[in-house]
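Whatever order the structure lists them in is the order used to number ligands and atoms, beginning at 1.
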Amino acid sequence: MLNNTRIRQLAGVALCLTAVALPAHAGKTLDTIKSRGELVCGVNVALAGFSAADSEGKWSGLDVDYCKALAAAILSDANKVKYVPLNAQQRFTALQSGEIDILSRNTTWTLTRDASLGANFVGTIYYDGQGFMVKKELKIASAKELNGATVCTQSGTTTEKNLTDYARANKLDIKPLVFEKNEAATGAYHSGRCEAYTTDASGLAAERTIAKNPDEHLILPEIISKEPLGPLVRRGDDEFFAISKWVLNALIEGEEYGLTQANLDEKKTSDDPNIQRILGTAEDMGTLLGLDKEWAYRALKATGNYGEIFERNVGKNSPLKLERGLNKLWNQGGILYAPPIR
Ligand SMILES: N[C@@H](CCC(=O)N[C@@H](CS)C(=O)NCC(=O)O)C(=O)O
């Protein structure tokens, strides 16, 4: 029989083992970012609207803006971000090895990834789904007409499996042509080796904008999967995980409470307690996260709220012209719902 002392001893051993098992980065990410004076953010090499560098090396996009907001919250400067461009294959290793602090790169949240990469998904920044693009000259109007077609796609993504699942479920004889590099997949599509190219609908819109003649391409109406895209952080650092989650929530709540880049300073005198909490003019919520009371004010000031980020980068007046759709707020017909800042 185990007596109480023995039980406590065993529990102590178990605790020690747990502590030893934690990754070396545990709890340290915030300190590392602060002492380095820079957030290291893994992004897509080039995905119009989400992450792209201009000729001067200036990065922009929806995924990039999230990194800027995070840097503003932590370091009080949205420019203190080092962007590490990563392709589909490289992205998870870069996070696991500690090369980057956070991966903000059109990455779909799935059970397999959540459970097996040693990483945690921060949330969903863009609700997407997989679609198909074809050349208009082929006169294909629906994915159901892809029987016998060759479809180009990239490996190391969720895309490949969705394609085979869709073909099987719809009894379509689709031949996937899979490339390690996205340029190879799109190149094969443009040169006519494949009848269709498949990826996230946002990726299709991005690809169409950079095509030689965007009008020659049609994005088919079918969306064949759920692709909730969001940032990931390494496991084992709950503090940094919380900061990353709440910065995303603050961008969404900012929109919900009508806080824009332009009116933010004016709103500092608001007597709405929700706004006061977000902007830190009454209670200090930031200290609970290891930040300070102006964390969310700085994030919103740097990038604007979620709606502003969306419109600027991928919305109707941007080259991608994407509809808000599911990415509208929960009280405006969408599914964006941030837990409350209180
Ligand atoms: N959301 C999907 C697809 C993400 C993805 O990597 N898409 C491709 C096609 S748009 C891409 O960005 N490739 C660029 C690259 O690997 O450099 C996933 O997480 O697997």
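Put simply, Leu232 and Val84 are part of the same group of oily side chains (I, L, V, M, F, W, Y) that touch within less than 4.5 Å, one to the next.
At least one N or O atom of Asn106, backbone or side chain, sits closer than 3.5 Å to an N or O atom of ligand 1. By the 3.5 Å distance cut-off applied to N or O atoms, Asn44 is counted among the residues near ligand 1. Polar contact with ligand 1: absent for Tyr197 (N/O pair, distance under 3.5 Å). The N/O atoms of Ala88, backbone and side chain alike, include one that comes under 3.5 Å of an N/O atom in ligand 1.
Under a 4.0 angstrom heavy-atom cut-off, Arg113 registers as being in contact with ligand 1. Remark: distances from the non-hydrogen atoms of Glu207 to ligand 1 are all 4.0 Å or more.
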Item checked: Test log, rule side-chain hydrogen bond (donor to acceptor under 3.5 Å, both in side chains), inputs Trp109 and Glu227 -> CA-CA 7 Å; Trp109 188 350; Glu227 306 292 327; over 6 Å; no

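Closest heavy-atom approach to atom 15 (C) of ligand 1 among the candidates Glu227, Arg105, Glu183, Glu180: Arg105.
Ring geometry, Tyr126 versus Phe310: the interplanar angle falls under 30°, so the pair is classed parallel (tilted spans 30 to 60°).
Of all the heavy atoms of Asn182, the ones lying under 4.0 Å from any atom of ligand 1 belong exclusively to the side chain.
Every atom of ligand 1 is numbered from 1 in the order shown, and the set under 4.0 Å from a heavy atom of Asp200 is 1 (N), 2 (C), 3 (C). Every atom of ligand 1 with a heavy atom of Thr107 under 4.0 Å away is listed here by number and element: 19 (O). Which parts of ligand 1 touch Asn87 is read off a 4.0 Å heavy-atom cut-off, strictly below it: atoms 15 (C), 16 (O), 17 (O).
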